[in-house]
Amino acid sequence: MLPFKVARQAIRVVFLILACSLLTLSHGALAAGKEGGTGLVAGDIVSAGRLRMQSQRLAKLYQQAGMGLNAAQAMQQIKVSASEIDSEFGRLDASVKKPNVRRVLTRCDALWQEMRTALKLAPGPVSTERINQLADELMIHTGKLSMLIEAEGETPVGRLIDLSSRLNMLSQRLARLYLLAQGGNLSQGVAVDIEQARKEFSTGLSELDTARENSAASRDAIGLAKNQWIFFESAINRLRVADRGDGKAVQNVATSSERIAQVLDLASSQYARDYSEATRLLR
């Protein structure tokens, strides 16, 4: 039998080893939790940004259908996108916990349900006007949602996720306003909104392109967006010199706005990956 002092020392060593092991496991679990939280924040910013973009894109597609511009395809795209939006709301509902953020999310969802129902109506002057109203309300509230989530970010890359998502919304808003003008709404308000959106998009794209936080992959994604913007802006600028019957310019806006939506969504997703990596390296 071991002497009492020796046994007591052995017990102390065992307890010390167990304590160190538990501390290591605790730190590992905490780090894993933080990394999971980081991924959730980045994903939440992307989801909120997609909701904001889709508010304008669906109104654009509805306007297209009303104008007879690839009408069947536009209505099919609305149907597919509606299901995708439902999924984004489901994801955010499971992820968002803070009461102030949930209140905004609830308001966004209520607006979306109303817009979803209105989108099922055949395009006409009254329904199109209502869709445009709901689109702008949803844009404002999803913008608040995105801002609240982005405020939880730990690195400047979180700002770039939100900015790239905002630019995607602006591209769709710009296309929607352009189609409104081509459809006959040549009011001063629409003209001012078009120019404001165009300038804001151009400035924001330049900011993303020169951001020092860019990775090689995100810089490539923004490069694709810049290429699409050349065609898109050219068509938008022709509104001032072309008559409303310029079908080629209208078609260019419809197609290039869809392409730019795709590449900017890729950019947002890449920024989300960069965000997660940057916050991981900070620990």
Side-chain angles (χ1 to χ4, degrees), residues 39-97 101-102 104-124 127-146 149 161-162 164-176 179 221 254-273:
L40 282 175
V41 171
D44 287 352
I45 298 173
V46 172
S47 288
R50 283 175 179 157
L51 295 179
R52 181 171 53 179
M53 178 273 289
Q54 290 285 14
S55 72
Q56 300 298 298
R57 177 173 176 264
L58 292 181
K60 176 202 73 175
L61 290 170
Y62 196 78
Q63 176 71 22
Q64 272 185 231
M67 295 172 66
L69 181 62
N70 302 328
Q73 181 182 4
M75 294 304 290
Q76 179 60 29
Q77 286 173 307
I78 288 174
K79 184 178 180 180
V80 171
S81 296
S83 296
E84 293 172 353
I85 292 171
D86 288 340
S87 297
E88 296 293 355
F89 270 111
R91 182 193 179 285
L92 286 169
D93 186 58
S95 175
V96 170
K97 305 300 181 185
V101 185
R102 286 201 67 84
V104 177
L105 178 62
T106 299
R107 177 57 179 154
C108 291
D109 187 42
L111 285 167
W112 163 238
Q113 294 307 321
E114 188 175 354
M115 186 174 180
R116 200 185 204 288
T117 300
L119 285 166
K120 295 177 182 178
L121 300 174
S127 60
T128 298
E129 183 178 0
R130 184 57 183 151
I131 289 292
N132 284 325
Q133 291 171 348
L134 289 168
D136 284 344
E137 287 187 56
L138 186 56
M139 174 190 70
I140 291 169
H141 284 84
T142 50
K144 290 179 183 177
L145 180 65
S146 185
I149 296 171
I161 301 174
D162 183 61
S164 59
S165 295
R166 177 167 175 76
L167 290 186
N168 209 349
M169 176 276 291
L170 283 171
S171 72
Q172 300 310 298
R173 178 172 173 75
L174 192 51
R176 175 174 75 88
L179 291 177
T255 55
S256 60
S257 66
E258 285 296 297
R259 290 184 190 129
I260 207 167
Q262 293 170 359
V263 296
L264 281 174
D265 189 66
L266 287 175
S268 296
S269 297
Q270 183 57 52
Y271 278 128
R273 288 189 285 272

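The analysis underlying the following values was restricted to heavy atoms, covering all of them including side chains, and did not include hydrogens, waters or symmetry mates.
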Query - Within-4.5 Å side-chain heavy-atom neighbours: Leu92 and Ile149 - result: yes

Requested in this report: Examine the side chains of Ser257 and Ser171 and answer whether a donor and an acceptor come within less than 3.5 Å of each other.
Outcome: no

Query raised in the report: In Å and rounded to the nearest 0.5 Å, what is the CD1 to OG distance from Ile161 to Ser268?
Result: 7.5 Å

Query raised in the report: Are the side chains of Ile85 and Leu58 in touch, meaning some heavy atoms are under 4.5 Å apart?
Result: yes

Requested in this report: Evaluate the criterion side chain to side chain contact (heavy atoms under 4.5 Å, CB included) for residue pair Val46 and Ser165; output intermediate values, then yes/no.
Outcome: CA-CA 7 Å; Val46 172; Ser165 295; 5.5 Å; no

**Report entry** Which atom of Asn132 lies closest to which atom of Ala59, heavy atoms considered
**Finding:** OD1-CB, 3.9 Å

**Report entry** Within-4.5 Å side-chain heavy-atom neighbours: Leu174 and Leu170
**Finding:** no

Query raised in the report: Distance-only, no hydrogens or angles: does the Ser81 side chain make a donor-acceptor pair with backbone N or O of Ile78 under 3.5 Å?
Result: no

Query - Gln270 and Arg273: CA distance, side-chain angles, deciding distance, side-chain hydrogen bond (donor to acceptor under 3.5 Å, both in side chains) verdict - result: CA-CA 5 Å; Gln270 183 57 52; Arg273 288 189 285 272; 2.9 Å; yes

Query raised in the report: Looking only at atom types and distance, does a side-chain atom of Asp109 sit under 3.5 Å from a main-chain N or O of Leu105, one as donor and one as acceptor?
Result: no

Query raised in the report: Between Tyr62 (side chain) and Ser127 (backbone), is there a donor-acceptor pair under 3.5 Å?
Result: no

Query raised in the report: Are any side-chain N or O atoms of Arg107 and backbone N or O atoms of His141, one a donor and one an acceptor, separated by less than 3.5 Å?
Result: no

Requested in this report: Drop me the distance from Leu61's CG to Ile131's CD1, to the nearest 0.5 angstrom.
Outcome: 11.0 Å

Requested in this report: Please report the shortest heavy-atom distance between Ser164 and Tyr271, naming the atom on each side.
Outcome: OG-CD1, 3.8 Å

Query raised in the report: salt bridge (charged side-chain N to carboxylate O under 4.0 Å, His left out) with Asp44: which of Arg102, Arg91, Arg50?
Result: Arg91

Report task. Apply the test side chain to side chain contact (heavy atoms under 4.5 Å, CB included) to residues Arg52 and Asp162: give CA-CA distance (whole Å), side-chain angles for both, the deciding distance (0.1 Å), then the verdict. Result -> CA-CA 10 Å; Arg52 181 171 53 179; Asp162 183 61; 3.1 Å; yes

**Report entry** Backbone of Gly143 reached by a side-chain donor or acceptor of Ser146 within 3.5 Å
**Finding:** no

Requested in this report: Quick one: pull up CH2 in Trp112 and CG in Leu119 and give me the separation to the nearest 0.5 Å.
Outcome: 6.0 Å

Report task. Scan side-chain atoms only and decide if Arg116 and Gln113 contain a donor-acceptor pair under the 3.5 Å cut-off. Result -> no

Requested in this report: Find the distance between CG (Leu179) and CG (Leu69) and round it off to the nearest 0.5 Å.
Outcome: 7.0 Å

Query raised in the report: Taking all non-hydrogen atoms of both residues, which atom of Ala175 and which atom of Lys60 are closest, and how far apart?
Result: CB-CD, 3.5 Å

Query - Whether Ser47 side chain and Gly43 backbone form a donor-acceptor pair below 3.5 Å - result: yes

Query raised in the report: Can you check whether Gln54's main-chain N or O pairs, donor with acceptor, with Gln172's side chain at less than 3.5 Å?
Result: no

Requested in this report: Would you kindly say whether Gln63 and Arg176 are connected by a side-chain donor-acceptor distance under 3.5 Å?
Outcome: no

Requested in this report: With the side chain counted from C-beta on, respond yes when Arg57 and Glu258 share a heavy-atom pair under 4.5 Å apart, and no when they do not.
Outcome: yes

Query - Closest non-hydrogen atom pair between Ala65 and Pro123, with its separation - result: CB-CG, 4.0 Å

Report task. Examine distances only and state if a side-chain atom of Asn168 and a backbone atom of Met53 form a donor-acceptor pair shorter than 3.5 Å. Result -> no

**Report entry** Flag, side chain of Glu114 to backbone of Leu134, donor-acceptor distance under 3.5 Å
**Finding:** no

Report summary line: Taken to the nearest 0.5 Å, the spacing of Leu145 CG from Thr106 OG1 works out to 10.0 Å

**Report entry** Distance (rounded to the nearest 0.5 Å) between Met75 CE and Lys120 NZ
**Finding:** 11.0 Å

